[in-house]
Amino acid sequence: MSCVATTQIKLTPERSRPSVRARLQDALPKIVLAPSFAITIVFVYGFILWTVYLSFTNSKTFPSYVITGPRAYLRLWGWTFDSDPPSSWYTSIVNMGIFGFLYIAICLALGLFLAILLDQKIRGEGVLRPIYLYPMALSFIVTGVAWKWFLDPGLGLEQTLHQWGWTSFHFDWIKNKDFVIYTVVIAGVWQASGFIMAMFLAGLRGIDGEIMKAAQIDGATTFQLYRRIVIPLLRPIFLSAFIVLAHLAIKSYDLVVALTSGGPGGSAWLPSNFMYEYTFKRNEMAVGSASAVIMLMTIVAIIVPYLYSELREKPR
């Protein structure tokens, strides 16, 4: 009896090259995104670098290529601390502090309050949410014009109450240089608080109900429940809302123009209004560019710590 030994030869197929169609499918997302990426690089970051360059030149009505150093920044520094009477740049900085603080604080407080109310599963929640969110769908121009009509003493609230017989009522903040910035706060809060409410409501709906029930079983009051459990858990929402509001506050321009036209004597100016005025109307392009760079650095100083904290927490 003969045995035939058979050997099995294992063939390792050669790695096939991807087809042209597969390579096109892999490259298609890059091809589609390439134009928008290039446009962003040129028209956003490219012009940011161009603005930084102009801030170190002696540009007036038209760009100049003669570098004169930080002369424009020194002028802004002098207008901030050494000018008497206060300069328009000093007024813009003070208004930015008032508007930014009140705008962010009131929007956060009001948004959280409205979110807590809606989180109680009240009747008509589906109707109230669009009502609160509707102002955010409007542009700052529309918001400014609407509130200008409402706050104008000759057209809006004051005139209406006078016609109803309350002739002693006066509300002329929009015409008063000492109070006009607060009308900008009112209009800004009206527009943004609904959006902040939606952010907080999403955070509240994401909290585990078992934690809340356990705290209630332990005897925690409603105030203690929100102060010690709910609000600390909403810390990421607070931070995100702060970033959004700070960004909107710093770049606010159209709201001030539409609502107050800059206010009496420029008393409602923000740094964005100063930048536009000096760049395009007073032929001081270098000074306007320097103010724009300062605004950019302010935004960077707010966003970079936020990104750092987010990226640091992800690996954990």
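In what follows, every heavy atom counts, from backbone to side chain, and hydrogens, waters and symmetry copies are set aside. Residues: numbered from 1 along the sequence shown.
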Is Tyr253 close to Leu270 at the side-chain level, that is, under 4.5 Å between some pair of heavy atoms?
no

Are side-chain heavy atoms of Glu158 and Leu161 found at a separation under 4.5 Å?
no

Gap between atom CG of Leu117 and atom CE of Met197 - 0.5 Å precision
10.0 Å

Considering only heavy atoms from C-beta outward, does the side chain of Met212 approach that of Leu225 to under 4.5 Å?
yes

Has Tyr182 got more than 12 heavy atoms of other residues, nucleotides or ligands less than 6.0 Å from its OH?
no

Using 30° and 60° as the class limits, which term best fits the ring planes of His170 and His162: parallel, tilted or perpendicular?
perpendicular

If you draw a 6.0 Å radius around OH in Tyr90, do more than 12 non-hydrogen atoms from other residues or ligands fall strictly inside?
no

Any side-chain donor paired with an acceptor under 3.5 Å for Tyr45 and Thr40?
no

Rounded to the nearest 0.5 angstrom, the CH2-CD distance for Trp269 and Glu277 is 4.0 Å

In the structure I gave you, are the side-chain heavy atoms of Phe150 and Leu155 within less than 4.5 Å of one another anywhere?
no

Apply ring pair (Phe, Tyr, Trp, His ring centres under 6.0 Å) to the pair Phe238 and Phe200, showing each step before the final yes or no.
CA-CA 8 Å; Phe238 272 101; Phe200 279 123; 4.8 Å; yes

State, with a plain yes or no, whether a side-chain heavy atom of Leu204 is found less than 4.5 Å away from one of Val230.
yes

Lys148 versus Thr260: any side-chain heavy-atom pair under 4.5 Å?
no

Is the closest side-chain heavy-atom distance between Trp173 and Leu151 below 4.5 Å?
no

Tyr278 and side-chain contact (heavy atoms from CB on, under 4.5 Å): which single residue from Ser88, Ser289, Ser291 fits?
Ser88

From CG (Asp152) to CD1 (Ile174), nearest 0.5 Å:
6.0 Å

Below 30° counts as parallel, above 60° as perpendicular, anything between as tilted: where do the rings of Tyr53 and Trp50 land?
parallel

Does atom CZ of Arg228 have more than 12 heavy-atom neighbours, drawn from other residues, nucleotides or ligands, at distances under 6.0 Å?
no

Just so I know, are the side chains of Val66 and Thr57 near enough to count as touching, which here means a heavy-atom distance under 4.5 Å?
no

Is the distance between the ring centroids of Trp77 and Phe81 under 6.0 Å?
yes

Trp79 and Phe274 aromatic ring geometry - parallel, tilted or perpendicular at 30°/60° bounds
perpendicular

Fit a plane to each ring of Phe169 and Phe171, take the angle between them on a 0 to 90° scale, and name the class: parallel (under 30°), tilted (30 to 60°) or perpendicular (over 60°).
parallel

For Arg71, does the CZ atom have more than 12 heavy-atom neighbours from other residues, nucleotides or ligands under 6.0 Å away?
no

Under 3.5 Å side-chain donor-acceptor pair for Asn58 and Ser64:
yes

